[in-house]
Structures are given as C-alpha cells and as structure tokens.
Amino acid sequence: QVRLEQSGGGLVQAGGSLRLSCVVSGRTFSNSHMGWFRQAPGKEREFVAAISRLGTTIYSGDSVKGRFTISRDNAKSTVYLQMDSLKPEDTAVYYCAERHHMGSAWPPARYDYWGQGTQVTVSS
C-alpha cells in the first residue's frame, strides 16, 4: 500500500520561510512523479509544483514561481517544498501527491495517492 506522510508547516510571518516534507512508502520512489498542491478555505485546490521521478524536470505554478522550490531525495524517498518570501495569500492546507511514471503524462494530469495535508498559515 502506498502511503504519503507529510511533515512541516505551521505559522510564520509574511516574508518568512517554511519547508514541507513528504515521505513515500510502499512504492519504489524513483518511479514516482511527485507534486504539491494547496487548498485555501473556500477555494479550489491549486497546483503548486511538480518534480519528475528522477528530479530532472520541475514544473511550478505561476503564483509561486521564484519563491517556492520543489526538490526530492530518492535515497530518502522524500519530496520537499521549500517556501520562501511567504505571503498571507499562501495560507492554505498543503498536500503532496504521487503518480507512477508509467503511463503518465508530464506534468501528470492526475495523481493517484495523496498525503494527509498540513496547514501553512502566513500572518501579515
């Protein structure tokens, strides 16, 4: 069974930084494209960033380009989201997601497994 376990997040002032982590088990991690999404109260889920299975290709949403960085460590089966220059509008629940590379487009059009979500709150 594939499982995604998230950590990190919390409360930070505007302009600050946070790092989210997501550990994947039950799958050979290097076969997985990974993504980060977020959902703010009353809003639809929003794509944040994706990274290909070997970390060679990254795709980021326009709202976070230049501020957020996705990375992965395949030896640790972990994907990260480094968030810098945070703004109050970045406040949301953040989710990591996994998609096996076989049969997948790039970036993936859908994801198969999701983390439990972690709250990020940015105060002004």
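In this structure, CD1 in Ile70 is found 12.5 Å from CD in Gln82, a value given to the nearest 0.5 Å. To the nearest 0.5 Å, atom CD of residue Gln1 and atom OG of residue Ser25 are 8.5 Å apart. The distance from the OG atom of Ser124 to the CD atom of Gln13 is 9.5 Å, given to the nearest 0.5 Å. To the nearest 0.5 Å, atom OG of residue Ser30 and atom NE2 of residue His101 are 7.5 Å apart.
Nearest heavy atoms, Glu98 versus Ser32: OE2-OG, 2.6 Å. A pairwise comparison of heavy atoms in His33 and Arg72 identifies CA-NH1, 4.3 Å as the closest pair. Taking each heavy atom of Asp84 and Ser17 in turn, the nearest pair found is OD1-OG, 2.7 Å. A pairwise comparison of heavy atoms in Ala92 and Arg38 identifies CB-CB, 3.8 Å as the closest pair. For Ser71 against Val79, the heavy-atom pair with the smallest separation is O-CG2, 3.2 Å. The two atoms that bring Leu20 and Val120 nearest to each other are CD2-CG2, 4.1 Å, heavy atoms only.
Side-chain atoms of Gln6 come within 3.5 Å of backbone N or O of Cys96 as a donor-acceptor pair. Distance alone, capped at 3.5 Å, places no donor-acceptor pair between the Arg99 side chain and the Ala105 backbone. Formation of a donor-acceptor pair under 3.5 Å by the Asn74 side chain with backbone atoms of Arg53 is found in this model. Between the side chain of Thr118 and the main chain of Gly8, a donor-acceptor pair closer than 3.5 Å is present. Remark: the backbone N or O of Gly9 is not paired with any side-chain donor or acceptor of Gln119 at under 3.5 angstrom.
Other residues sharing a hydrophobic cluster with Tyr111 under the 4.5 Å side-chain heavy-atom criterion for ILVMFWY residues are Phe37, Phe47, Tyr59, Val93, Tyr95, Trp106, Trp114.
Annotation: Lys65, atom NZ; neighbour count of heavy atoms from other residues, nucleotides and ligands within 6.0 Å is above 12.
In this structure Arg67 satisfies the salt bridge (Lys or Arg N to Asp or Glu O under 4.0 Å) test together with Asp90, sequence neighbours excluded.
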Quiz prompt | Worked verdict on Val2 versus Asp112 for side chain to side chain contact (heavy atoms under 4.5 Å, CB included) | solution = CA-CA 9 Å; Val2 180; Asp112 297 319; over 6 Å; no

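Ring geometry for Tyr94 versus Phe68: interplanar angle of 30 to 60°, hence tilted.
Two different hydrophobic clusters hold Ile51 and Val23 under the rule that ILVMFWY side chains link at heavy-atom gaps under 4.5 Å. Hydrophobic cluster membership differs between Val48 and Tyr80, with clusters built from Ile, Leu, Val, Met, Phe, Trp and Tyr side chains linked at under 4.5 angstrom.
Put simply, the side chain of Met34 reaches to within 4.5 Å of the side chain of Val24, judged on heavy atoms.
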